[in-house]
Colleague: 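I am attaching a structure below and will ask some questions about it afterwards.
Quick note on labels: first sequence line is chain A, next is B, and so on, each numbered from 1.
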Amino acid sequence: GATFVRLMGMLGKSKRPDLAPVLLQKMVEDKCPPSVELYTSLVSVYTRSNLLDKAFVVYEDMKHQVGCEPDVWTYSILIGACCESCMFDKAQELLAEMEQYGLQPNTVTYNTLINQYGRLGMFSHMEQVFEDMERKSQCPPDIWTWNSILKSYGVKGRTDKMESWFDKLCSSGMEPDVVTFNTLIKAYGRHGLYAKMQAVVAYMHKFLYPVDVVTYNLMIDAYGKAGRVVQMEEVFKRMKLRGVKPN
RNA sequence: CGCAUCUGAUUUCA
């Protein structure tokens, strides 16, 4: 069972929805009973290839499969796919529907919404979702939530908002992680705020946060795109001095 | 160095 789920996941990541029916057939031949996980991985195979119609066919099937009814994970995937296609009304419908079935959206469900609203610069919607998360108890914001918000403001050049949300993150008691810092670095680098970019790295070193290959790659990329080859090479040197292997 | 590992969902267009 777990093997089929894993294989289905591979089909999703490699964008091969054409092979999903073949795998299902094989599963039936092996008399392997289906599971929520398997069905959900199948939904994911289709959403990853933007085949929403097929994903929804599977979703409707699941409703009639005893023991394989859609769960929070299934809904999170479908809601994310709807948002990605800007079908926000459909996403809201699904949210209402899952609650009808007694399923409460969790942190990931909301993170998906935050990420998608943020990606499109729909900041008031994004912040509204964040407020919902804080108000409810079953979906507390996690570091992914914060990082998504920081990233959304960062890529749109709203580094002022990014900074105030970073402060808010720190005072919330949540620990930033390497993705948090890489998100800040990427935003500063993209918008030419090199001093702030360097300040983030200095902060990471000062407070002993691990720096990774992504951290350095982002800085090399920023300097490279700006034609600042001297600084770029300097970063590359420091990277090797720190024992971080270039990839 | 190679192999293995890398969860059915979200930050990862590094």
Colleague: What parts of residues 103-125 of chain A reach RNA chain B, counting only heavy atoms under 4.0 Å away?
Modeller: A/Asn106, A/Val108, A/Asn111, A/Thr112, A/Asn115
Colleague: Round to a whole Å and report the spacing from CG of A/Leu218 to C1' of B/U11.
Modeller: 13 Å
Colleague: Start with the C-alpha gap between A/Met27 and A/Leu38, add the side-chain angles, then the distance that decides, and say whether side chain to side chain contact (heavy atoms under 4.5 Å, CB included) holds.
Modeller: CA-CA 10 Å; A/Met27 215 183 81; A/Leu38 192 277; 3.6 Å; yes
Colleague: Using a heavy-atom distance cut-off of less than 4.0 Å, which residues of residues 192-212 of chain A contact RNA chain B?
Modeller: none
Colleague: Can you tell me the distance, in whole Å, between the CG atom of A/Asp177 and the C1' atom of B/U10?
Modeller: 14 Å
Colleague: Could you check whether A/Thr74 and A/Thr40, counting side-chain N and O atoms only, form a donor-acceptor pair closer than 3.5 Å?
Modeller: yes
Colleague: For A/Met162 and A/Gly154, which heavy atoms make the closest approach, and how far apart are they?
Modeller: SD-CA, 3.7 Å
Colleague: Report yes or no: does A/Ser85 contribute a side-chain atom to a donor-acceptor pair with the main-chain N or O of A/Met87 at less than 3.5 Å?
Modeller: no
Colleague: So A/Ser76, base contact, sugar-phosphate only, or nothing? Heavy-atom distance under 4.0 Å.
Modeller: base
Colleague: Do A/Asp212 side-chain atoms and A/Val214 backbone N/O form a donor-acceptor pair below 3.5 Å?
Modeller: yes
Colleague: Output the residues of residues 85-95 of chain A in contact with RNA chain B, where contact means a heavy atom of the residue under 4.0 Å from an atom of the strand; sort by number or write none.
Modeller: none
Colleague: Quick test: give all pairs of protein nitrogen or oxygen and nucleotides 5-8 of chain B nitrogen or oxygen below 3.5 Å, distance rounded to 0.1 Å.
Modeller:
unit_1, atom_1, unit_2, atom_2, d
B/C6, OP1, A/Arg6, NH1, 3.1
B/C6, OP1, A/Arg6, NH2, 2.9
B/C6, OP2, A/Arg6, NH1, 3.3
B/G8, N1, A/Asp71, OD2, 3.1
B/G8, N2, A/Thr40, OG1, 3.1
B/G8, N2, A/Asp71, OD1, 2.4
B/G8, N2, A/Asp71, OD2, 3.1
B/G8, N2, A/Thr74, N, 3.4

Colleague: For the pair made of NZ in A/Lys156 and P in B/C13, what is the distance, rounded to whole Å?
Modeller: 15 Å
Colleague: Mind jotting down which residue pairs meet the salt bridge (Lys or Arg N to Asp or Glu O under 4.0 Å) criterion with at least one end in residues 223-233 of chain A? Sequence neighbours excluded, please.
Modeller: A/Asp221-A/Lys225
Colleague: Among pairs that include at least one residue of residues 91-111 of chain A, which meet salt bridge (Lys or Arg N to Asp or Glu O under 4.0 Å), considering only residues two or more places apart or in two chains?
Modeller: A/Lys63-A/Glu97, A/Lys90-A/Glu93
Colleague: Quick one, which residues of residues 224-241 of chain A touch RNA chain B with a heavy atom under 4.0 Å?
Modeller: none
Colleague: Atom CZ of A/Phe181 and atom C1' of B/U11: how far apart are they, to the nearest Å?
Modeller: 15 Å
Colleague: How many whole angstroms separate atom CG of A/Leu11 from atom P of B/A9?
Modeller: 13 Å
Colleague: For residues 113-126 of chain A, tabulate all N or O donor-acceptor pairs below 3.5 Å that involve a side-chain atom, not counting sequence neighbours.
Modeller:
unit_1, atom_1, unit_2, atom_2, d
A/Gln116, OE1, A/Arg119, NE, 3.0
A/Gln116, OE1, A/Arg119, NH2, 2.8

Colleague: One pair to check against ring pair (Phe, Tyr, Trp, His ring centres under 6.0 Å): A/Tyr39 and A/Trp73. What are the steps and the verdict?
Modeller: CA-CA 11 Å; A/Tyr39 273 108; A/Trp73 290 50; over 10 Å; no
Colleague: Which residues pass the side chain to side chain contact (heavy atoms under 4.5 Å, CB included) test with A/His205, not counting sequence neighbours?
Modeller: A/Val201, A/Val211, A/Tyr216, A/Arg242
Colleague: For A/Glu84, give me all partners under salt bridge (charged side-chain N to carboxylate O under 4.0 Å, His left out), at least two apart in sequence or on another chain.
Modeller: none
Colleague: Between A/Tyr75 and A/Tyr59, is a ring pair (Phe, Tyr, Trp, His ring centres under 6.0 Å) present by the stated rule, with each step listed?
Modeller: CA-CA 9 Å; A/Tyr75 278 103; A/Tyr59 164 64; 5.5 Å; yes
Colleague: Any ring pair (Phe, Tyr, Trp, His ring centres under 6.0 Å) involving residues 220-247 of chain A? Give me the pairs, sequence neighbours left out, ordered by first then second residue.
Modeller: A/Tyr194-A/Tyr223
Colleague: Begin from the C-alpha positions of A/Tyr110 and A/Trp144 and carry the test ring pair (Phe, Tyr, Trp, His ring centres under 6.0 Å) through to its verdict.
Modeller: CA-CA 10 Å; A/Tyr110 281 116; A/Trp144 287 56; over 10 Å; no
Colleague: Looking only at side-chain N and O atoms, does A/Thr145 offer a donor or acceptor that is under 3.5 Å from a partner on A/Asn111?
Modeller: yes
Colleague: If a pair satisfies salt bridge (Lys or Arg N to Asp or Glu O under 4.0 Å) and one of its residues is in residues 190-201 of chain A, list it, with sequence neighbours excluded.
Modeller: A/Glu163-A/Lys196
